[in-house]
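Read through the structure below, which is laid out as structure tokens, and then see the notes.
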There are 4 protein chains.
Amino acid sequence: MLNRVILIGRLTKDPELRYTPQGVAVTQFTLAVDRSFSGNREEREADFIPIVTWRQLAETCANYLRKGRLAAVEGRIQVRNYENNEGRRVYVTEVIADNVRFLESANRESGGQARDESFGGAPSASGGSGYSGGNRSSGSRNSGSNDPFADDGRPIDISDDDLPF
Amino acid sequence: MLNRVILIGRLTKDPELRYTPQGVAVTQFTLAVDRSFSGNREEREADFIPIVTWRQLAETCANYLRKGRLAAVEGRIQVRNYENNEGRRVYVTEVIADNVRFLESANRESGGQARDESFGGAPSASGGSGYSGGNRSSGSRNSGSNDPFADDGRPIDISDDDLPF
Amino acid sequence: MLNRVILIGRLTKDPELRYTPQGVAVTQFTLAVDRSFSGNREEREADFIPIVTWRQLAETCANYLRKGRLAAVEGRIQVRNYENNEGRRVYVTEVIADNVRFLESANRESGGQARDESFGGAPSASGGSGYSGGNRSSGSRNSGSNDPFADDGRPIDISDDDLPF
Amino acid sequence: MLNRVILIGRLTKDPELRYTPQGVAVTQFTLAVDRSFSGNREEREADFIPIVTWRQLAETCANYLRKGRLAAVEGRIQVRNYENNEGRRVYVTEVIADNVRFLESANRESGGQARDESFGGAPSASGGSGYSGGNRSSGSRNSGSNDPFADDGRPIDISDDDLPF
DNA sequence: TTTT
DNA sequence: TTTT
């Protein structure tokens, strides 16, 4: 009926951009969202929440987000399940994002080969259920150099069937 | 930093009320949240999202919610993990609710031995991070008749350490 | 940057469907959202929040919502301002909805000339920023009988410029 | 029933901290929330949304927020009304915040006499409906030096009756 | 393992 | 398996 999530946290790693066999871009990353128990516990705690973005938004996230960056994510909870290689059903809970805001970078000098984006002019990164468009299987600027299905031993367990729209 | 979820859906079963060894009430149930892909897919799809409530809110949910009922849940995503009996780390994602609204009943004649609540006068069911009060380890009206730790083969994998406040 | 609102409440009146000069459907209604101060105050209090929906969603709301009905509304806060007839600037705050869920009816026998919708089969009512389509200026079933610009003394203070997409 | 708002935007001015006659802290500020119409409109547009915080959270906001800063605000919409000096009823819509997150500062060199807070160690700023505590009418550290009711020609139109808890 |  |  209604399923809405809003998170603010930091990426635990660089995002991973892949493509489905049909050429649809998918980016996955994990957001570390600090809990806020009035600071009274000694250890800092966080929830590590897996985020999935599709299509245009996937490519924008892959281009602009990096490990440690602060981001706001809006989306919905999705629970999918599959049978693993031992014949057991595994449940995976993810947030399918339809809106991602790039907040300021984690560290001004995190630079290195970082891109030269200015966040005053950061692109609007919003997709989602009403996404209508464009070049879904277009050869993205990323598609040539890195084969999204080659960089990982595990079989990709996301398919077009998981497309939320 | 910020972690907020709002869901509307129906309970797949009656809620399960238990108590931690310290006598803190915990209620768990699963919410079936229909996806809304413009109705164009033949099969109706839903996400089945596990909800956890604590203390006063747990008892109110156990008293007022039943299988099939429509409810709105507000809370936050929590990811916990534990080692299972095969030594493997298992990740569990749940929504820790701090506000539950009982929307109208699923079925006017679902009656039977159902309680006689009138939803016009349904209790306000809100708890959460600021909850300060009351009889947490009081013998609840449910505690005598059913031992929350006896009705289940599996060891309970929730403890006071999971208390969100 | 990010602007999200979720409300559950009841309509204070039947919704009002109008059309802009360009033929775009707009529906306005007010949602009474009960506050929940632990029920300790004697008088029941509520916030009365103006909702605006556009296009397809506007027509669905006009068809399915009625005074007293419970609804969930998802959208964003918009603050517009205009100069009134005394030359004073007036600020208007509204929620522009992109998703409306029809929860159960307020009263099973509120019937009368009410439409015969069954909420098990209630239409999915979601529009919003990605809405791309359809018969926007199609002669709606409501357009013949009531002129949306004639039933009100005040000049309509909404125009296509207010279109959120 | 349910009333939840989440916003990310920048303060249009420094926040204003005042005290009710009973000594309860109230801070008001306006958040400029950029709209995101795919960047296709030439002029940048924003909604200017009034925020109100109470008690501890009010004091934290007054101490840590400044004009131009980026903040995330979680709360609920409140519509109050009063009769103005011309005997006309005026409606005021505000977001009553119960959680405010200080995102990175607007400008590293916006410094000036700005406080020396480090945002790595920024205080957790969350209050709200469950707030149970403490020194509500205590003479706050701010109360001596500036009379919150003297710095403004207009009568203060907020009172303890507006207290959301 | 799922609700209407 | 985690971020600041």
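- Comment: R80(A) engages E94(A) in a salt bridge, judged by a side-chain N to carboxylate O separation of less than 4.0 angstrom.
- Across all their heavy atoms, L11(C) and R66(C) have their closest contact at CB-O, 3.7 Å.
- Taking every side-chain heavy atom of R89(A) into account, dT1(E) is the closest of dT3(F), dT1(F), dT1(E).
- D14(A) places its CG atom 15 Å from the C1' atom of dT4(F), with the value rounded to the nearest Å.
- The distance from atom CG of L7(B) to atom P of dT4(E) is 18 Å, rounded to the nearest whole Å.
- When the P atom of dT1(E) is taken as reference, atom CG of L11(B) falls 19 Å away, rounded to whole Å.
- If you take CD of Q28(A) and P of dT3(F), they are 19 Å apart, rounded to a whole angstrom.
- A salt bridge links D47(B) and R76(A); the closest N-O separation between the charged side-chain nitrogens and carboxylate oxygens is under 4.0 Å.
- Whole-Å rounding puts the F29(A) CZ to dT4(F) P distance at 15 Å.
- For D34(B), whose side chain is taken as the heavy atoms from C-beta onward, the closest listed nucleotide among dT3(E), dT2(F), dT2(E) is dT3(E).
- With rounding to whole Å, N81(B) atom CG is found 7 Å from dT1(F) atom P.
- Nearest nucleotide to the side chain of R10(B), out of dT4(F), dT4(E), dT2(E): dT4(E).
- Checking dT3(E), dT1(E), dT3(F) against the side-chain heavy atoms of Y91(A) singles out dT1(E) as nearest.
- Atom CZ of R35(A) and atom C1' of dT2(F) are 13 Å apart (whole Å).
- Between E74(A) and R4(C) there is a salt bridge, since a side-chain N of the basic residue sits under 4.0 Å from a carboxylate O of the acidic one.
- Put simply, CG on D47(B) is 14 Å from P on dT2(E), counting in whole angstrom units.
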